[in-house]
Amino acid sequence: MAPIPQAFFARPAPDVARDLIGATLLVDGVGGLVTETEAYDHEDPASHSYAGRTARNASMFGPPGHAYVYRSYGLHWCLNLVCGTEPAGSAVLIRALEPVAGIEAMRQRRGTAVPRLLCGGPGRLSQALGVTGALDGCPVDRPPFLVLAREREVPVVSGPRIGITRGTETPWRFGLRGSAFLSRRFG
DNA sequence: TGTCCGATATGCT
DNA sequence: GCATATCGGACAA
């Protein structure tokens, strides 16, 4: 597998979100296969970037191939990868992955040994990989990040995104078909 | 399965 | 000041 160059992210968020399914994402050697993503962009009412640039979403308007990490509900961290050609304000939310490397570290951070509860959901995933606001704006082609392209094509399903109140019709949630490591099943 | 609620940063009024 | 938020865990049924 080859590391994914930043140019990979300089495309529309839905394209990147789809192509990330099956890729390998590691943070300090802890991570696994990406099984679920969601795309957001500047013209999308569900996106943090919709209302323009603010202090919180600044990295979303930065160069592609960097992380956008924000706090959700005051207690969870969510990891996004910035996409598009700047200043697009688009990003892909990593919602779930299949644990492969550093599983013991994930168990300790998450306080559970149930595989699907380690990285099934954006908040869980961030906790398992040790992602915090400290990584906001960091490039994903350098440590502690490592993103590896998938080796072969994988079956991808799509559907409406989760946990949003606007833009619910846009089917920008993507998942690895048949995977047991999804935050929710696809209808 | 469904419902409830915690705990807080952010942005709008 | 206040409503909302890309959620997760607990607990009832």
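Everything numeric here is computed off the predicted structure, so don't read it as measured data. The analysis underlying the following values was restricted to heavy atoms, covering all of them including side chains, and did not include hydrogens, waters or symmetry mates. Proteins come first, then strands; the chains are lettered A, B, ... in the order of their sequence lines, and each starts at number 1.
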Minimum-distance pair of heavy atoms, taken over all atoms of A:Y68 and A:M60: CE2-SD, 3.6 Å
Rounded distance in Å - CG (A:L117) to C1' (C:dC7): 14 Å
Sugar-phosphate, base or nothing in reach of A:L93, heavy atoms under 4.0 Å: base
Pair assignment for B:dA7, Watson-Crick or G-U wobble, requiring both distances under 3.5 Å: none
Gap between atoms CG and C1', on A:L125 and C:dG8 respectively (whole Å): 14 Å
side-chain N/O A:R110 vs C:dG8 OP1/OP2, d < 4.0 Å: no
Shortest side-chain distance from A:R56, nucleotide among C:dC7, B:dT10, B:dC12: B:dT10
A:R53 CZ - B:dC12 P separation (whole Å): 15 Å
Length of the CG-P vector between A:L75 and C:dA5, whole Å: 15 Å
Which nucleotide in C:dA5, B:dG6, B:dC12 has an atom nearest any side-chain atom of A:H76: B:dG6
Residue-phosphate contact under 4.0 Å: A:R95 side-chain N/O, C:dC7 OP1/OP2: yes
Protein-nucleotide distance (A:R184, atom CZ; B:dG2, atom P), rounded to Å: 11 Å
Interatomic distance, A:S49 atom OG to A:E43 atom CD [nearest 0.5 angstrom]: 9.5 Å
Gap between atoms CH2 and C1', on A:W77 and B:dA7 respectively (whole Å): 14 Å
Atom pair OG (A:S179) and CZ (A:R185), whose distance is rounded to the nearest 0.5 Å: 9.5 Å
Sugar-phosphate, base or nothing in reach of A:R173, heavy atoms under 4.0 Å: nothing
Under-4.0 Å salt bridge between A:D19 and A:R11: yes
Distance-only side-chain donor-acceptor flag, A:E36 / A:S183, under 3.5 Å: yes
Sugar-phosphate, base or nothing in reach of A:T165, heavy atoms under 4.0 Å: sugar-phosphate
Distance, rounded to the nearest Å, where A:Y68 contributes OH and B:dA9 contributes P: 15 Å
Closest listed nucleotide, where the reference is the side chain of A:S72 and the choices are B:dA9, C:dC7, C:dA5: C:dC7
Atom-pair distance (CG on A:L182; P on C:dC7), nearest Å: 15 Å
